[in-house]
Trainee: 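Supplied in structure tokens, the structure appears directly below.
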Amino acid sequence: MPPPNGPKGPKNRSERPGGDRPRSGKGFSKGGKGGVSGPRRPVSSDPSDTSKRFVPPSARPARDGAAGPRKPYGAAKAGGSDRPRGPRAEGTGRGGDAVARSGKGGESRPDRGRDGGKRFDRPRDGGPRGEQRGDGPRPGGKPGGYVKRDRPEGDRGGYAKRDRPEGGKPGGYAKRDRPEGGKPGGYAKRDRPEGGKPGGYPKRDRPEGGKPGGYAKRDRPEGGKPGGYAKRDRPEGGDRGPRRDYGKPGGPRPERTGTGPGPTAKDGPRKPRLDRDGRDRARQAREAEPVAPLKGSRLITARGAAVEMLDAVIGENRLLAELTGPGGPLDRLDPADKARAQRLASDTLRGMERIDRLLQQHMDKYPPLTFRNILRIATMELCAGEAAHGVVNEAVTLAGAAPRGTAMKGLVNAVLRKVAATGPAAWDGLRVPRMPVWLRDPLIEAWGDAEIQAMEAAHFAGAALDLTPRDPADAAALAADLGGTLLPTGTVRLTAPGQISELPGFAEGRWWVQDAAAAIPARVLNAQPGERVLDLCAAPGGKTMQLAAAGADVTALDVSARRMELVAENLERTGLTATLVTGDALEHGDGPYDAILLDAPCSATGTMRRHPDLPFAKDGSDFGTLIELQAELIDHALSLLKPGGRLVYCTCSLLPDEGECQTDEALVRFPALRVDSEALALPGIDPAWRTEEGGLRLRPDHWPDLGGMDGFYIVVFRA
Ligand SMILES: C[S@@+](CC[C@H](N)C(=O)[O-])C[C@H]1O[C@@H](n2cnc3c(N)ncnc32)[C@H](O)[C@@H]1O
């Protein structure tokens, strides 16, 4: 068979035969790994020729010429990224995480030991001070210089002489030691909080080679505005040109608190910031330790646990879902307080940009991370209408209970009283918090400015609780019984649900938690009773349950043993059955199947309404690896299909690279493959959501009057 259209493009693209995916030498390739370099063996275009379809991984060409087993997912980043990862792709992609969160969920990292509260008691090393050090107040010193009005005349709020970094001038941080973008004298009003100027990083700080967006203008129609990946915009053969690098694998990670100030042009070349923000220590710690255990009584409260969660997300780039397991901040809380702590942490992350803007009005510089997070949570609560007296008292108590926190109590008290006086009234006038620039720029290029603002509004609004009824015919009755809303696609939405496991019908398995968008892939797959269906990346099992409830003979596979336990628990609760397989999808060979659902691991950027921690914990540097894996999974899934069988590919991502582009490129690799767009004609699915290549693009700003939905891409292939 002649090779399908190969990539045509700039020189730095991998030259790969067989219609392999066009890739950039920078772009999404994995630096030293060089991306998938071998030719991809195409699926036979002859539907009856099943013998040529399955190419076992062992028979595949070596990646980068390197023989041997595939490396664990994300483990081998180019440029020495030291971000430790668990087993391949565990926890990536969160299309079904809602199920896990209903009391079954979060992944803990069993490979980490316990540690005695290090985060609150870091050794002072005399090194540069930074925003994320979390070191506690300086020795022997009052926290002078934090609160604006507390400054003595002429005092610029800096550290006392003995505390200055070597070479430091009075009045603040020596240039090299200043927080990114910081000026001498601390965080004066004009200096923005974490992350820099609104809008983010100056051009030169963008990932190498990365233009904002990375989807070059030339790909758009003449004069066309961004938004949509219309076929007409693409060069022949589905070649979109080099892909964007969403992060800088192995390089220093950009500031991404989501709120603010990043490096500014005057800071000069970027330098590693690990010492400055404590991330080197954090990373080392992550290899061996779970969340630092709770220290003392102060953290056995919802607010204390929320502080610890924020410390881990912002200071250590951990996801909230990683923090819910044994040994984590929630460990010793009762279920109601667990829920409250998670809500406090999520709401604070969601509103972080506004919160920091309010706080910065009253501080010349930020205190260490833990105290900053105490202030942030309290500010969020004050602006949400909580009684000032209780919020301030609790925050002061929390601060005082932290190591070396006695000296911080005054600061916390003074700042929060000011916030209480003016913050709630100012809150609504502040702009809707934005996504971090590394993500915002490419999304604007993809969907347009107004659309991104609408998505940000949806993210800020958060998400209701969505339920999928086991029996789709029960949806209206379920909505009535639970006081919910029946959405056009058959999901039941609850706006004030309370504790999930206490809701009627939970124990009996009448429903499960699943975002409205996440429920659509299994619906378009339309499994029939008795059909042999494979759910290829199944955990925690939301889509498996839909397929099993339809009466199909379901095999559910996932690489994560821990997450497969959730599938088993969910099936047991709902009284549904499936064959469970724990293993790598790329090594599964038990075909052929009538239909396959591939809910591939992805950036999870479509789930930010529910996971506001994502922009803080991620920087996009692993997206390239995920995109490569998605293509491999598509190829392998196709090899397991019966002739004429259907493959539903989906990701909970907003990035076209994980959706529309994957479809384009699969169609180039496999010319006989067809997209079945008719399968998308289901009740509640707006035809306007269809994409030119025949898929379905769901976005958080869809259904604005109903409360939005997660971002998803869905396509139905026919072999
Ligand atoms: C988006 S989640 C799946 C959600 C699930 N379909 C649901 O609806 O509940 C992606 C899953 O892919 C799994 N995964 C990642 N790489 C895999 C691989 N190579 N083989 C099998 N599963 C994999 C992850 O463990 C994760 O559970």
Side-chain angles (χ1 to χ4, degrees), residues 57 69-75 85-102 104-107 319 321-322 466 468 512-523 525 533-549 554-571 574 576 578 580-590 596-607 610-611 614 622 625-637 640 648-653 658-659 710-714:
R70 300 170 75 246
K71 288 187 178 150
Y73 189 47
R85 294 259 167 224
R88 179 196 311 193
E90 246 184 75
T92 56
R94 301 201 255 191
D97 271 3
V99 176
R101 287 194 309 283
S102 63
K104 309 265 182 192
E107 294 250 308
L319 289 165
E322 298 171 6
D466 286 354
T468 297
W512 53 88
V513 176
Q514 188 175 39
D515 185 85
I520 293 175
R523 291 196 177 122
L525 186 135
V533 177
L534 174 64
D535 188 357
L536 205 45
C537 293
K543 298 174 186 68
T544 305
M545 288 186 278
Q546 287 178 282
L547 301 171
V554 181
T555 299
L557 178 147
D558 200 282
V559 75
S560 163
R562 180 176 170 79
R563 286 168 68 86
M564 279 307 287
E565 283 173 23
L566 301 174
V567 181
E569 286 172 26
N570 282 317
L571 286 168
T574 52
L576 297 166
L580 304 189
V581 179
T582 301
D584 188 336
L586 295 172
E587 286 162 16
H588 185 70
D590 188 29
I596 298 177
L597 196 153
L598 171 54
D599 184 14
C602 70
S603 66
T605 43
T607 67
R610 298 182 186 281
H611 300 287
L614 189 133
D622 55 348
T625 308
L626 289 166
I627 290 164
E628 301 279 358
L629 177 62
Q630 289 152 13
E632 289 185 76
L633 287 167
I634 289 173
D635 292 6
H636 189 62
L640 295 175
V648 172
Y649 167 78
C650 62
T651 50
C652 54
S653 168
E658 300 183 284
D710 278 358
F712 249 86
Y713 176 80
I714 303 163

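These values consider heavy atoms only, across backbone and side chains, with no hydrogens, waters or symmetry-generated copies. One-based numbering, in listed order, for ligands and for the atoms of each.
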Trainee: Below 4.0 Å, non-hydrogen atoms only: which portion of Arg563 touches ligand 1? Side chain, backbone, both or neither.
Mentor: side chain
Trainee: Under 4.0 Å from ligand 1, counting heavy atoms only, is it the side chain of Leu557, its backbone, both or neither?
Mentor: side chain
Trainee: Do Leu547 and Leu525 have side chains that get closer than 4.5 Å, going by heavy atoms?
Mentor: yes
Trainee: Between atom CD of Gln546 and atom OG1 of Thr574, what is the distance when rounded to the nearest 0.5 Å?
Mentor: 11.5 Å
Trainee: Kindly determine whether Val648 and Lys543 satisfy side chain to side chain contact (heavy atoms under 4.5 Å, CB included), including the steps that lead there.
Mentor: CA-CA 11 Å; Val648 172; Lys543 298 174 186 68; over 6 Å; no
Trainee: Can you find an N or O of Ala600 that's nearer than 3.5 Å to an N or O of ligand 1?
Mentor: no
Trainee: Heavy-atom pairs closer than 4.0 Å: do any link ligand 1 to the side chain of Ala538, the backbone, both, or neither?
Mentor: backbone
Trainee: Kindly identify the option in Ala518, Ala539, Ala522 whose heavy atom sits closest to atom 4 (C) of ligand 1.
Mentor: Ala539
Trainee: Below 4.5 Å, heavy atoms only, C-beta onward: do Pro601 and Leu629 meet side chain to side chain?
Mentor: yes
Trainee: Tell me whether Cys652 has any N or O atom under 3.5 angstrom from an N or O of ligand 1.
Mentor: no
Trainee: Under a 4.0 angstrom heavy-atom cut-off, which atoms of ligand 1 come close to Gly541?
Mentor: 7 (C), 9 (O)
Trainee: Check each atom of ligand 1 against the heavy atoms of Gly542 and keep those under 4.0 Å away; list them by number with element.
Mentor: 7 (C), 8 (O), 9 (O)
Trainee: Is a side-chain N or O of Asp558 found less than 3.5 angstrom from the main chain of Ala538, in a donor-acceptor match?
Mentor: yes
Trainee: Are Thr651 and Ser653 close enough that a side-chain donor and a side-chain acceptor fall under 3.5 Å?
Mentor: no
Trainee: Is there a side-chain contact between Asp710 and Arg610 (heavy atoms, below 4.5 Å)?
Mentor: yes
Trainee: Would you mind running through ligand 1 and noting each atom that sits below 4.0 Å from a heavy atom of Pro540?
Mentor: 9 (O)
Trainee: Distance under 4.0 Å to a non-hydrogen atom of Gly583: what atoms of ligand 1 satisfy this?
Mentor: 20 (N), 21 (C)
Trainee: Using a strict cut-off of 4.0 Å, indicate which atoms of ligand 1 neighbour a heavy atom of Asp584.
Mentor: 18 (C), 19 (N), 20 (N)
Trainee: If you measure every N or O of Asp535 against every N or O of ligand 1, does any of those distances drop under 3.5 Å?
Mentor: no
Trainee: For ligand 1, find out whether one of its N or O atoms is nearer than 3.5 Å to an N or O atom of Leu633.
Mentor: no
Trainee: Under 3.5 Å between some N or O of ligand 1 and some N or O of Leu586?
Mentor: no
Trainee: Would you check if Cys650 and Ile520 make a side-chain contact, meaning some heavy-atom pair closer than 4.5 Å?
Mentor: no
Trainee: Run the side chain to side chain contact (heavy atoms under 4.5 Å, CB included) check on Met564 and Val567 step by step: do they pass?
Mentor: CA-CA 5 Å; Met564 279 307 287; Val567 181; 4.0 Å; yes
Trainee: Decide whether an N or O pair under 3.5 Å exists between Asp558 and ligand 1.
Mentor: yes
Trainee: I'd like to know whether Leu580 forms a side chain to side chain contact (heavy atoms under 4.5 Å, CB included) with Leu571, so could you lay out the CA-CA distance, the side-chain angles of the two residues, the decisive distance to 0.1 Å, and finally the verdict.
Mentor: CA-CA 10 Å; Leu580 304 189; Leu571 286 168; 3.7 Å; yes
Trainee: Any nitrogen or oxygen of Pro601, main chain or side chain, under 3.5 Å from a nitrogen or oxygen of ligand 1?
Mentor: no
